[in-house]
Participant: 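Quick one: the structure is below, and I'll ask about it shortly.
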Amino acid sequence: MYAPPVYPCVCGAPVAPPLMRGAPAEPITHRTWTDEWVTVRCGECGRQDQWPQPELGCPCGTVLRVPVRPVTAAASPPRSPAPGGPAGTVTGRRDPAATRRTETPGTAPGAGPAGAGGPEAAGAAGAPGAGTPLGSDAAPSTTGLSTVGAAPYPQPPAVVRPSFNPVTIRTARDVVTAAALYLRWLGFREVVQPEERRSSVTPAVELRGPGLVAQVDPTTRPVPLRAVECLWLEGLASSSAAVYFSLAGYEDRSRARADGVGLPLFVMDLTGTPQPVNTPADDLLARGA
């Protein structure tokens, strides 16, 4: 009997795509990004994530696509509220002078966190179509991948670590060096620049380590949307944390997509100290590797 692959949710619970019982498997004759991923809801925390579409190889050489129940049919309210705070936050550039807002994406300001109105409110917040995670002005994916807004992680406890010693940026190589030092300071081990360049989408330099894939863009142009999406997919495929560093910042569409998929973005200042741009970067800075 076929059993679908199991993936780990960020809350720690195992997640498996719910198979559509009785539906025939379909042979794959043409692949697209959209068909390669399915949306699965975690039964513990209610988080929705994109996971690979289950497939089955036939001895004759045909690859079959196993049907999965849509998330609208598999939707169920979480069994327990996520610890550490509200169900979602509004992402964007961090303002040190402002407190973090706790509005659920897609809800009216002042509506409060999910669950504040009782079980009915919590069910409405978790229902499909309850909101648009990336905002109505977010651009469509350039890779053809249908992304689902990822709920931010519960607020992690702050990690006590020594002060970061930056490297003053004078050349493009200094940008890469500062990013590598910062990743080691966050707790990532054996951060190196691979000899073989794997990506030709951007002029960014790649840094790798156990459980880490990072891109460092030392140019004076904002990072485009496609570069952010490709790094996120690369991290997802290798089960690694993905982090982006840029000297010139990010396009608005790039920041919106990174907020939606939980990709930390940092911008480098000339002192060599990376500054967090979005909420995932704030969380990584707080909890470390």
Side-chain angles (χ1 to χ4, degrees), residues 7-13 15 42 44-50 78 81-106 113-114 133-135 147-164 179-189 191 207 209-216 223 228-229 231-236 238-246 249-250 254-269 273-289:
Y7 303 99
C9 180
V10 295
C11 71
V15 177
C42 175
E44 291 291 335
C45 66
R47 177 189 176 98
Q48 296 183 31
D49 272 324
Q50 294 272 313
T89 59
V90 176
T91 58
R93 181 180 293 272
R94 179 170 62 92
D95 183 358
T99 57
R100 196 184 301 271
R101 292 180 291 174
T102 57
E103 298 168 0
T104 304
L134 299 183
T147 57
V148 175
Y153 306 129
Q155 293 301 316
V159 176
V160 178
R161 62 174 71 92
S163 300
F164 174 65
L181 292 175
Y182 191 76
L183 289 169
R184 296 188 188 111
W185 178 74
L186 287 175
F188 293 101
R189 299 176 293 103
V191 179
L207 295 176
L212 168 70
V213 55
Q215 293 279 353
V216 185
V223 175
V228 168
E229 289 182 334
L231 176 62
W232 174 67
L233 288 172
E234 187 175 357
L236 189 65
S238 60
S239 299
S240 301
V243 188
Y244 217 116
F245 296 88
S246 173
Y250 305 85
S254 303
R255 288 183 51 191
R257 182 69 77 237
D259 289 344
V261 300
L263 178 69
L265 302 180
F266 291 88
V267 66
M268 310 289 292
D269 60 28
T273 303
Q275 301 295 333
V277 172
N278 59 357
T279 301
D282 283 330
D283 295 343
L284 177 60
L285 176 60
R287 73 177 185 271

Participant: Search all heavy atoms of V191 against all heavy atoms of R184 and return the closest pair with its distance.
Facilitator: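 Smallest interatomic distance, heavy atoms only, reads O-NH2, 2.7 Å.
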Participant: Determine whether the aromatic ring centres of Y244 and F266 lie less than 6.0 Å apart.
Facilitator: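 Judged by ring-centre distance (under 6.0 Å), Y244 and F266 do not meet the cut-off.
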Participant: Calculate, to the nearest 0.5 Å, the distance between atoms CD and CG belonging to Q275 and D282 respectively.
Facilitator: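 With rounding to 0.5 Å, CD (Q275) is 10.5 Å from CG (D282).
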Participant: Mind listing the closest non-hydrogen atom pair of C11 and C45 along with its distance?
Facilitator: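 Reported closest heavy-atom pair: SG-SG, 3.7 Å.
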Participant: Which value, rounded to the nearest 0.5 Å, describes the distance between M268 atom CE and S246 atom OG?
Facilitator: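 So the CE of M268 and the OG of S246 are separated by 9.5 Å.
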Participant: Just verifying a value: how many Å separate F245 CZ and L183 CG, rounded to the nearest 0.5 Å?
Facilitator: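 One finds 4.0 Å between CZ of F245 and CG of L183.
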Participant: Tell me the closest heavy-atom pair linking A258 and N278, and the distance in Å.
Facilitator: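 Shortest heavy-atom contact: CB-ND2, 3.9 Å.
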Participant: Kindly give the heavy-atom pair with the smallest separation between A179 and V216, and that separation in Å.
Facilitator: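 For A179 versus V216, the nearest heavy atoms are CB-CG2, 3.6 Å.
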Participant: To the nearest 0.5 Å, what is the distance between OG on S240 and CZ on F188?
Facilitator: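 Here the rounded value is 9.5 Å.
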Participant: If you define the side chain from C-beta out and look only at heavy atoms, does anything of Y7 sit under 4.5 Å from D49?
Facilitator: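 No, too far: nothing below the 4.5 Å cut-off.
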Participant: Would you call R257 and D259 a salt bridge, using N to O less than 4.0 angstrom?
Facilitator: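 Result for this pair is no, no salt bridge flagged.
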Participant: Is a side-chain N or O of W185 found less than 3.5 angstrom from the main chain of P162, in a donor-acceptor match?
Facilitator: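 Looks like yes, one N/O pair under 3.5 Å.
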Participant: Find the distance between OG (S238) and CG (L233) and round it off to the nearest 0.5 Å.
Facilitator: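 Output value for this atom pair is 10.5 Å.
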Participant: For L236 and Q50, which heavy atoms make the closest approach, and how far apart are they?
Facilitator: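 It is CD2-O, 4.3 Å.
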Participant: To the nearest 0.5 Å, how far apart are CG in L186 and CG in L212?
Facilitator: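 That separation rounds to 9.5 Å.
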Participant: Taking all atoms of both residues into account, what is the closest heavy-atom pair of L263 and V243, and its distance?
Facilitator: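 For L263 and V243, the tightest heavy-atom pair comes out as CD1-N, 4.1 Å.
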